[in-house]
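Report on the structure given below.
All heavy atoms count here, side chains included; hydrogens, waters and symmetry mates do not. Remember, predicted model here, so these are calculated numbers, not experimental data.
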Amino acid sequence: MSFWSYVKTGNFWKQILWMLLIVIVLVSGVLLSLRFFTHHGQDIRVADIRGMYLPELEPFEKEFGFKFVVRDSVYEPEKTPGEIIAQTPQPGEHVKKNRTFYVVLAASLPASVHMPDLTDLSLRQAEALLETYGLKVGGKTIVPSIVKGAVVNQLYKGEEIEPGSLVRRGSYIDLQLGDDKGSLPVAQQDTISEEDFSTEEDYLEYTDTEYSYEE
């Protein structure tokens, strides 16, 4: 029997019908399984939880299975400690049930940083370095120094603060700057007598050298 003759038989069309039926069943099964595993049509619009506190989120946990994880805490003076100030996912996004949320809370105190060494830096350099550490320039006073405008001392609350000391972010650091009118300290010289030399020639050579240096 030729192919075209077989196409005209009822058996051929019966097999085609069975194939179509199997394809429809398979496609329907795939779509139903995707609908089940992805909760299709059950998207939840994310609420704005900023300004709330963790205990207030319990209803979301019970109703939608949400989990809330604290990712970080940031000090903001205008915020109440423990207040949620940032969230992921963002408000307005659509999520499924049992989604994990990451939140940032307002800290009660600013984080501490290590005090940098500002000695011998210019005022502009000192300001830039303090800014990178989250610190601020406070009062500026002029003191005697051989270098004009260079930082001579760094003070915190009126006391010198050593480089590496812990200090709260946002703190003010006072600077003492040179006035270009200071002088180098004069080194104290040892007193040397003629008896310290083995010969008179050595003593005369030493005194000649000292005299030439002072001139």
What's the spacing between Ile84 CD1 and Phe101 CZ if we round to 0.5 Å?
10.5 Å
Fellow cluster residues of Val143, listed by chain then number, with links counted only when side-chain atoms sit under 4.5 Å apart
Val152
Are any non-hydrogen side-chain atoms of Pro163 and His114 less than 4.5 angstrom apart?
no
Looking at residues at least two apart in the chain, or sitting in another chain, which of them share a ring pair (Phe, Tyr, Trp, His ring centres under 6.0 Å) with Phe60?
none
Passes salt bridge (Lys or Arg N to Asp or Glu O under 4.0 Å), Asp179 versus Lys148? Steps please.
CA-CA 5 Å; Asp179 63 356; Lys148 185 176 182 179; over 6 Å; no
Under 4.5 Å between side-chain heavy atoms, hopping through other hydrophobics if needed: is there a path connecting Val70 to Phe68?
yes
Fellow cluster residues of Leu166, listed by chain then number, with links counted only when side-chain atoms sit under 4.5 Å apart
none
Cluster overlap Ile44 with Met52, hydrophobic side-chain contacts below 4.5 Å:
yes
Main-chain N/O of Ser112 paired to Arg169 side chain as donor or acceptor, under 3.5 Å
no
Shortest non-hydrogen separation from Gly82 to Leu105 and the atoms involved:
O-CD2, 3.8 Å
Donor-acceptor pair, distance only, cut-off 3.5 Å: does the side chain of Asp174 make one with the backbone of Gly139?
yes
Exercise: identify the closest heavy-atom pair between Asn98 and Phe66
N-CD2, 4.1 Å
Which pair of non-hydrogen atoms, one from Thr100 and one from Pro89, has the smallest distance, and what is that distance?
O-CD, 4.2 Å
How does the hydrophobic cluster around Val113 look, that is, which other residues are in it when side-chain heavy atoms under 4.5 Å mark a link?
Met115, Leu118, Leu121, Leu123, Leu129, Leu130, Tyr133, Leu135, Val137, Ile142, Val151, Tyr156, Ile161, Val167, Ile173, Leu175, Leu177
Glu159 atom CD, over 12 foreign heavy atoms within 6.0 Å:
no
Find the distance between CZ (Arg99) and NZ (Lys67) and round it off to the nearest 0.5 Å.
12.5 Å
Chi angles and distances behind the side chain to side chain contact (heavy atoms under 4.5 Å, CB included) call for Leu155, Gln176:
CA-CA 8 Å; Leu155 309 173; Gln176 291 184 341; 3.8 Å; yes
All pairs passing side-chain hydrogen bond (donor to acceptor under 3.5 Å, both in side chains) where residues 49-66 contributes a residue, at least two apart
Asp48-Arg50, Glu58-Lys62
Does one hydrophobic cluster hold both Val74 and Val103, with members joined at side-chain heavy-atom distances below 4.5 Å?
no
Output yes when a side-chain donor or acceptor of Asp120 lies under 3.5 Å from a complementary backbone atom of Ala150, and no otherwise.
no
Could you give all pairs that pass the side-chain hydrogen bond (donor to acceptor under 3.5 Å, both in side chains) test and reach residues 68-87, with sequence neighbours left out?
none
